[in-house]
Amino acid sequence: MPARVHDTRVIAREERAPGVMMVTIQAPALSAAVFPGQFVMAELPSGCAAAVALAIYDAYDDIVSLLFFITGPRTRELAALAAGDSLALLGPLGNGFDLRDAPADVAIAAGGVGIASVLLPARELVRRRSRVRLFYGARSAALLVERERFVQAGCEVTLATEDGSEGLRGYVTDALEASAPAKLLLACGPTPMLRAVAQIATRTRVPAQLCLEETFGCGVGGCWGCVVPVAATSPRAPRFPSNEAGISYARICREGPVFMAEELRW
Amino acid sequence: MPARVHDTRVIAREERAPGVMMVTIQAPALSAAVFPGQFVMAELPSGCAAAVALAIYDAYDDIVSLLFFITGPRTRELAALAAGDSLALLGPLGNGFDLRDAPADVAIAAGGVGIASVLLPARELVRRRSRVRLFYGARSAALLVERERFVQAGCEVTLATEDGSEGLRGYVTDALEASAPAKLLLACGPTPMLRAVAQIATRTRVPAQLCLEETFGCGVGGCWGCVVPVAATSPRAPRFPSNEAGISYARICREGPVFMAEELRW
Amino acid sequence: MVSAEDARDVDLSVRIGGLRLRYPTMMGSGCYGSGEEFARFADLARIGAIVLKSVTRLPRLGNPMPRIVHTPSGMLNAIGLQNPGIDWYLEHEIGKLAERPCAIIGSVAGFSVGEYVEVTQRLAERPEIDAIELNVSCPNVASEGETFACDSRATSEVVSAARAATRKPLIVKLSPNVTDITVIAREAESAGADALAVINTVRGMAIDVERARPRLGNVAGGLSGPAIRPIAVLAVYEAARAVRIPIIGQGGIASLSDALEFFLAGASAIGIGTANFTDPRVPERIVDGLAEHLAGQGARSISEIVGRANVGFADVHQYEGDAG
Amino acid sequence: MVSAEDARDVDLSVRIGGLRLRYPTMMGSGCYGSGEEFARFADLARIGAIVLKSVTRLPRLGNPMPRIVHTPSGMLNAIGLQNPGIDWYLEHEIGKLAERPCAIIGSVAGFSVGEYVEVTQRLAERPEIDAIELNVSCPNVASEGETFACDSRATSEVVSAARAATRKPLIVKLSPNVTDITVIAREAESAGADALAVINTVRGMAIDVERARPRLGNVAGGLSGPAIRPIAVLAVYEAARAVRIPIIGQGGIASLSDALEFFLAGASAIGIGTANFTDPRVPERIVDGLAEHLAGQGARSISEIVGRANVGFADVHQYEGDAG
Ligand SMILES: Cc1cc2nc3c(=O)[nH]c(=O)nc-3n(C[C@H](O)[C@H](O)[C@H](O)COP(=O)(O)OP(=O)(O)OC[C@H]3O[C@@H](n4cnc5c(N)ncnc54)[C@H](O)[C@@H]3O)c2cc1C
Ligand SMILES: Cc1cc2nc3c(=O)[nH]c(=O)nc-3n(C[C@H](O)[C@H](O)[C@H](O)COP(=O)(O)OP(=O)(O)OC[C@H]3O[C@@H](n4cnc5c(N)ncnc54)[C@H](O)[C@@H]3O)c2cc1C
Ligand SMILES: Cc1cc2nc3c(=O)[nH]c(=O)nc-3n(C[C@H](O)[C@H](O)[C@H](O)COP(=O)(O)O)c2cc1C
Ligand SMILES: Cc1cc2nc3c(=O)[nH]c(=O)nc-3n(C[C@H](O)[C@H](O)[C@H](O)COP(=O)(O)O)c2cc1C
Ligand code: FES
Ligand code: FES
């Protein structure tokens, strides 16, 4: 089903950790349409600023849930939504993870809020009998929200915190590197983490799909505000003339947000 | 007690009519300090716009309540406050009504949201044994919120609606004019209404105290954004040189918001 | 109450040079792609025109990331004219525009008068293009950091040259980053513009205080959205007093009331850019709202309200409000 | 964690010409009355300076109402320089300033060079006044609708003349409503300014769509508040590259993070205007926040971060972000 504007209603709002919100929404058509790795643009009630890009964290029955950090005025406004409030969501948007192969052994690396993009692919892979190992890192224990849902979904969960307050001390990529290579790597998190994942993928020759983030303008491909350099030969490169170095700028919102590590030229 | 910033907590919020909010606040020091006709500057949680001037509608025990119409983005933000939220209020500000005399027979005219400024003076006058007649007008019946509180306070209440859906059909000033002149007139409401009250006052030779409104900047006298022309001879004229016509501009927030009808030159 | 029929009878059409738009709403250049990107969320048959992303003679990769920063009631952008260049554009992109159910306006940017002329001519030749908008608020390499639209002589030159290159309607898009927009507006009019687009973004920047460096890859960018609306309304108000050609007012329009401010100030049509990022249903809501509003006032066409609040200025002493 | 002592050790003082301010925060002219109005809500001993409401030679009643309109993340004002004139001011008002526990900066406005000179001289003579700010962004009757700060020759003339009239520190307040603020900044510097205040309000207006007329009594006004912050940060960034004298950055500062943007862009001190209407505790919060932030970074004084994010511009091609 094509993306469209969904007029939805908030069912519940919960602060899962200081500054980390989970908003549960009644949105049957959206829930039915979503593909793992897709996102929505959540429209602000005040109408004074651009909509906010948020991963579709979970989707089941007629429910969709969003999991987000309060990082600025727009997410603060979304965090003020209460049960019963209406909320317009544009979506589902973007190309999700390519899960056609579903190899036997998949590793997923999630850093911080990146966790919001990987529940749906994890669940889909488990359903299709992949072994799924989740490597989940955050600054400290309190921010490791939602690990139970992954256990319930059938993932093997390894935790890492920068301050050592839970799981391994260090970056989630340290944990990933210390483990046996999988057949496929999925990752979502801050850019430095994704760069590290891409290096691990290259070194271990495991294909990696990275879910990127950037500050979005439109979220639908209309403004070219969210690009990332890719090889002009990549299937996701816009069919535009590339520069002398063979680089094109692809839109994260339209050609992504998921890219193969090897096509990126960042 | 001098005005200051009060860090208060919202106890309850209620939509009294479509677009008309009543917010009840725990604010002991403010409640104790307020004088009838004073106002507060309510600070917006987002911090992106100037605070909103609101009359102190009611004050008892350690409670203060605000009654306001949602007319724009700032009042919409205030209307989103929920029980438990914190709210900073600057006040009490301005000079209230001059109730020293408390004549035997007082008429109060309130139009629309002007009702928010006249409960406290009404109650004070009743306490001091004045007969208080309230003339209360609005566009239609649904917007005549809070009349019971005035009855409970001991006022004789006459209602008027522009569409005739309740009480007399017409303006509140029509109702006022049709009644026996009082010894003192208090009024709060839109400017055209206040002008009409001033005319009635002149004609019937009843002193009138008008509580004015304007778009405020600072609310404390610092910006000169809220002036009204007054006779240079008025005690409320700023001690500035007046123009040739004997007119000075007084600040509604500082020299007002209550002015004697006869000192205004608007 | 306004009946649906009354609203339907209101004439919202507007004329820009020889071009008639069914609705007075134009999607701002650079904000709406080529329309295809938004066609899933908005009914393109219910908008007046799409102004395409600006095209240059040569392909441009655009600025480094980040290209967008959100600011209070607005956003900064520094895309840097990423576009495939006119050759590729004509060969691969333009054909897709034929089926759009609204007018299509090509936007031209350049770094010299020659570039403007070439791109204008080649774009305007194509039947898919109904009019040309000159984005003269973009870098002029000849004079450091200045833009054509910041210099009245340069504006005059480039508009005259583009005028000679096409007979299709020619819109000149003005920058607000000038001391007096009326000077540039008059130059553009006398050089042959059929309409003015007022305003492009306002120059601004933001700093990442944690990393102590500019947030935008390009350092400076253009501010758009509701934050700049008061600036844009004044620019339209002033330009409308200076010229006779129609003005397309834009800058922060997100609601019916915002749109009315621009018409009342003197705009014959409006541009909607950033509000599409807030909600792609905004343009349709505005068109519906306009029809209903005008019907409610007993007006038969949008032209009846154009400039109705443009009463001039108080007097010279009190002109500059920022004298505060 | 930053200890309270560390924060207390940080030197927040700043020098403007010969004047040393204990804190780098100045309350914007016209926004803070004479300080008395805010003394109930803010500790004046914890701010750097109050810039008084601008004074003119003759008394001025100011503009008709309304003088204020709220806009998205900002406000428009058109007060029109209501003030009692210099005679009255010196006789009745200025004495009250002696007891203020912070620096007092007089603001001078005028309609001719002669007026500026007279008011500057008479105000600066008084011991209550620590420095003079020239509000040259106010109407210049000699040339329709223009202001001194929009014309580099006029700026130069008025600043030179005022410079000759006093030896107290002289601050020149610049308007953002110009094509290139660096030209005016350089003129002001070479004419003898000790510091620049950047920026005054941005010209704008709003229309009452129900009554189809301008909202402000004066039609046009000045936009202030968070909406203009990106414009102000860029103006400071550019001016700081153009001159060597200190810059007092202002426009939409409402938080520690906002303040840091201006220091990092190149401001030596900051002005806080409209944010006092949001919450009069803002200036004190910013001062506390600055001390803690600097201590956290191991910095000993505010001067260490001034201009730290001012890395220049990308290149001429990509300079104008609004090329979009
Ligand atoms: C495809 C995609 C999916 C995403 N999914 C998620 C997700 O599932 N969960 C999640 O938490 N995040 C997610 N993000 C990130 C999320 O979109 C950003 O964090 C979001 O932009 C936050 O918006 P914000 O305005 O609240 O804060 P930010 O944009 O992070 O604001 C940061 C800074 O910018 C400035 N700023 C921003 N807006 C304003 C404003 N209106 N006024 C003033 N200053 C402002 C402030 O200085 C602030 O400190 C996703 C992003 C993408 C691209
Ligand atoms: C002394 C005094 C006491 C008062 N007491 C009360 C009271 O008890 N109850 C009460 O209801 N009112 C009271 N008022 C009036 C109240 O202060 C105003 O109605 C208040 O300013 C409303 O603010 P607002 O921004 O929500 O809407 P308004 O200021 O009414 O907004 C009207 C229009 O202005 C524009 N606008 C305003 N703010 C913004 C913004 N941030 N962004 C974009 N556009 C904007 C919009 O176009 C909007 O349509 C009082 C006023 C005074 C002076
Ligand atoms: C992301 C973005 C890209 C833009 N690109 C262009 C462009 O290529 N050419 C142009 O003339 N204007 C461009 N603009 C300016 C808009 O067309 C419009 O004039 C401006 O944003 C003000 O209107 P708004 O507030 O409705 O967005 C761009 C604006 C944005 C936000
Ligand atoms: C109500 C008001 C009145 C002002 N009056 C003056 C003035 O008399 N002289 C002056 O130089 N600037 C005046 N200004 C401009 C401010 O000092 C300041 O430069 C501007 O508002 C930008 O800063 P801000 O966003 O922090 O308010 C005034 C601003 C406001 C909001
Ligand atoms: S955010 Fe607009 S193109 Fe991606
Ligand atoms: S609102 Fe500032 S002086 Fe009254």
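Order of the sequence lines fixes the chain letters, A, B, ..., with proteins taken first and strands second; residue numbering starts at 1 for each chain.
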Within the supplied structure, the quantity of interest is the number of heavy atoms (other residues, nucleotides, ligands) at a distance under 6.0 Å from A:Tyr171 OH; does it exceed 12? no

Pair count under 4.5 Å, heavy atoms only, with chain C: among A:Ser248, A:Gly225, A:Ala49, A:Pro238, highest is A:Gly225

Residues two or more places apart in sequence or in another chain: which of them pass side-chain hydrogen bond (donor to acceptor under 3.5 Å, both in side chains) with A:Asp85? none

By residue number, those in residues 39-47 of chain A with heavy atoms under 4.5 Å from heavy atoms of chain C are A:Glu43, A:Gly47

Between A:Ile247 and C:Leu61 the two heavy atoms that sit nearest each other are O-CD1, 4.0 Å

Under 4.5 Å heavy-atom distance to chain A, tell me which part of C:Asn276 shows up: side chain, backbone, both or neither. neither

Please lay out, stage by stage, how C:Gln82 and A:Arg251 fare under the test side-chain contact (heavy atoms from CB on, under 4.5 Å). CA-CA 11 Å; C:Gln82 177 167 3; A:Arg251 295 164 294 188; over 6 Å; no

Considering only heavy atoms from C-beta outward, does the side chain of C:Asn77 approach that of A:Cys223 to under 4.5 Å? no

Which bit of C:Thr274 comes within less than 4.5 Å of chain A, counting heavy atoms only: side chain, backbone, both or neither? neither

When heavy-atom pairs shorter than 4.5 Å are enumerated against chain A, which of C:Tyr89, C:Phe38, C:Trp88, C:Tyr32 gives the highest number? C:Trp88

For A:Val52 and C:His70, run side-chain contact (heavy atoms from CB on, under 4.5 Å): C-alpha distance rounded to whole Å, both residues' side-chain angles, the deciding distance at 0.1 Å, then the answer. CA-CA 10 Å; A:Val52 182; C:His70 297 279; over 6 Å; no

What part of C:Asn83 gets closer than 4.5 Å to chain A, counting heavy atoms only: side chain, backbone, both or neither? backbone

If the condition is side chain to side chain contact (heavy atoms under 4.5 Å, CB included), which residues does C:Ala265 pass it with, not counting sequence neighbours? C:Val233, C:Val236, C:Tyr237, D:Ile207

Mark yes or no for whether C:Arg67, through its side chain, and A:Val227, through its backbone, hold a donor-acceptor pair below 3.5 Å. no

Heavy-atom distance under 4.5 Å between the side chains of C:Arg40 and A:Val220, does that happen here? yes

Distance col, row A:Thr215:OG1 vs C:Leu76:CG, nearest 0.5 angstrom, shows 11.0 Å

Compare all side-chain heavy atoms of C:Met65 with those of A:Thr191 and state whether any distance is below 4.5 angstrom. no

Proximal component of A:Leu93, with respect to chain C [non-hydrogen, under 4.5 Å]: side chain

Value rounded to 0.5 Å, distance of CG in C:Asn63 from OH in A:Tyr249: 8.0 Å

Report the option among A:Ala51, A:Cys218, A:Cys226 that has the most heavy-atom pairs separated by less than 4.5 Å from atoms of chain C. A:Cys218

In terms of heavy-atom pairs under 4.5 Å with chain A, the winner among C:Ala254, C:Cys31, C:Pro66 is C:Cys31

I need the residue from A:Gly217, A:Pro229, A:Ala88 with the largest number of non-hydrogen atom pairs under 4.5 Å to chain C. A:Gly217

Tell me which donor-acceptor pairs under 3.5 Å the side chains of residues 19-26 of chain A have, and how far apart each pair is, sequence neighbours excluded?
from    : atom 1 : to      : atom 2 : distance (Å)
A:Gln26 : NE2    : A:Asp62 : OD2    : 2.7

What one should report as the nearest heavy-atom pair of A:Leu90 and C:Pro280 is CD1-CG, 3.6 Å

